[in-house]
**Student:** 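Handing you this structure, nothing more for now.
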Number of protein chains: 2
Amino acid sequence: MAARLDEMDRKILAALQEDASLSLDEIARRVSSSKTPVWNRIRRMKESGVILRTTALLDAEALGLEACFFVLVRTSEHDAGWQGKFLQVLQSRPEVLEAHRLAGDIDYILKVRVKNARAYDTFYQALISEVRIYNVTALLSMEEIKSTTILPLGLAVD
Amino acid sequence: MAARLDEMDRKILAALQEDASLSLDEIARRVSSSKTPVWNRIRRMKESGVILRTTALLDAEALGLEACFFVLVRTSEHDAGWQGKFLQVLQSRPEVLEAHRLAGDIDYILKVRVKNARAYDTFYQALISEVRIYNVTALLSMEEIKSTTILPLGLAVD
DNA sequence: GCTGAAATGTAGCGACC
DNA sequence: GGTCGCTACATTTCAGC
C-alpha cells in the first residue's frame, strides 16, 4: 500500500501541502530540479493516489459555522445491516466532517461542524431517529487550538 | 466575524472546496457568470480570510502513516503558564493534526497521525514528559469511514 | 458592477540527451 | 532519469460600459 517515494517526491508533497497554487517553476526551484521532472512526479503521485485532490480550505467561523462537536458513539448492534445504515446516514450529512470506527468500548467518533448548539441538536435528533444508538457523548469544542491538513512526511519515512 | 456572502460567493466556494484547480472559466461557467467577477470575488474572499489557503490533500495510508488516534486529555492545572506550554508542545509536534479545548470534564481532544502504535507511544511519552497531565485516554481508529474538509455551506446560511 | 480583450505567465507535452 | 522549447490555455490587468 505505502508508495515508494524518494526525497524529492517528499519535498514536492511538502510544498503542495503548504500551497497547492505554487507554479511548477517555483516548486522546481524549491526542490532544486526543473519543470518536467516535477510535473512527471506530480502526475505519477496523482495517478497512484498519493495526492487525492486539491482543495480550498475555508474559515468555518467566517462562514458562520461556529460550533464544533466531537461525538462519541456506542452501539449495541454490530451487524452489517446496522453498520451500512449508519454509514449511509453519516455520508448523507454534510455537517459530519469525519467519522472513525474505533477499537475499544467506544465504537465511533464523529466530528460535526454546525452553526450553533441548536443545529447540533437537530442533527442529533435526526441521527438517533434514523439509526439505533445505545449511548452518545458530545464533546463541545470551545477553541480550535490547532488545525492542519499537513501530514508529517518526515515521520513517514521507512 | 461572519462574512457577508451572497449565493454566487457560496457557489464559488463550493466549487473551490471540491476542486481548487478548476480554471476561472470553468468556475464562471458553473456559477453562470464570467471570469472577471469570479476573479474579483475570489480575491476579496482571500483577503477577508474566508479562503485560508489552497492545499493538496494526501493519502495518509499511502504515505505509511497508518495509525490515527484521538487523545482525550484531562489536566489538573489550568493556569496560563501550563496552557501556554501545552499549546507550544502541540504546535511543535507535526503528528498533532488537530487540537481542541473542550467544555466539560475532558479538557482537550487531540487528533494524532503516526506510522504505528509504537510511534504513538513515543509521542505519548514525549508529551507527558514535557507537560504535566492528569489523565489520558487514547482512542485508536480502526477505519476512517468519512473524512472531508468540505464545510457545509448550505447550513451556514443566516 | 459587468464585458471583452490585451499582455503576461503557466501547464502540458514533444523532441532530444 | 534529465534539459529545452513550443503551443495552447489561464491568470491578471485594464479600458469602456
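Chain naming here is simple, since letters A, B, ... match the order of the sequence lines and numbering starts at 1 in each.
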**Student:** How many whole angstroms separate atom CD1 of B:Ile27 from atom P of D:dT12?
**Tutor:** 11 Å

**Student:** B:Glu26 CD to D:dA10 P: how many Å, rounded?
**Tutor:** 9 Å

**Student:** Is there any protein nitrogen or oxygen under 3.5 Å from a nitrogen or oxygen in nucleotides 5-9 of chain D, and what are the pairs?
**Tutor:**
none

**Student:** Any side-chain heavy atom of A:Thr54 within less than 4.5 Å of one from B:Thr55?
**Tutor:** no

**Student:** What is the distance, to the nearest angstrom, from the CG atom on B:Asn40 to the C1' atom on D:dT12?
**Tutor:** 10 Å

**Student:** Is any side-chain heavy atom of A:Gln17 less than 4.5 Å from a side-chain heavy atom of B:Leu58?
**Tutor:** yes

**Student:** State, yes or no, whether a side-chain contact exists between B:Lys111 and B:Val96 at a heavy-atom distance under 4.5 Å.
**Tutor:** no

**Student:** In this structure, would A:Ile106 and B:Met142 fall into the same cluster of hydrophobic residues linked by side-chain contacts under 4.5 Å?
**Tutor:** no

**Student:** Rounding to an integer number of Å, can you tell me how far A:Asp25 CG sits from D:dT11 C1'?
**Tutor:** 15 Å

**Student:** Which nucleotide span of DNA chain C, 5' end to 3' end, has atoms closer than 4.0 Å to non-hydrogen atoms of chain B?
**Tutor:** C:dC2 to C:dG4

**Student:** Using a distance-only test with no angle check, is there a side-chain donor-acceptor pair under 3.5 angstrom linking A:Ser21 and A:Asp19?
**Tutor:** yes

**Student:** If I take atom CG in residue A:Asp9 and atom P in nucleotide D:dG1, what distance separates them, rounded to the nearest angstrom?
**Tutor:** 10 Å

**Student:** Side-chain contact test, heavy atoms from C-beta onward, threshold under 4.5 Å: evaluate it for B:Arg132 versus B:Thr75 and give yes or no.
**Tutor:** no

**Student:** Whole-Å distance between D:dT11 P and B:Ile12 CD1?
**Tutor:** 13 Å

**Student:** Would you indicate what A:Leu24 reaches in the nucleic acid, counting non-hydrogen atoms under 4.0 angstrom: base, sugar-phosphate, or nothing?
**Tutor:** sugar-phosphate

**Student:** Starting at atom CZ of B:Arg41, determine the distance to atom P of D:dT11, rounded to an integer number of angstrom.
**Tutor:** 17 Å

**Student:** Between atom CG of B:Leu52 and atom CE of B:Met45, what is the distance when rounded to the nearest 0.5 Å?
**Tutor:** 12.0 Å

**Student:** Mind checking what makes ring pair (Phe, Tyr, Trp, His ring centres under 6.0 Å) contact with B:Phe69, not counting sequence neighbours?
**Tutor:** B:Tyr120

**Student:** For a quick test of reading the model, state the closest non-hydrogen atom pair linking A:Ala67 to A:Ala117 and the distance between them.
**Tutor:** CB-N, 4.4 Å

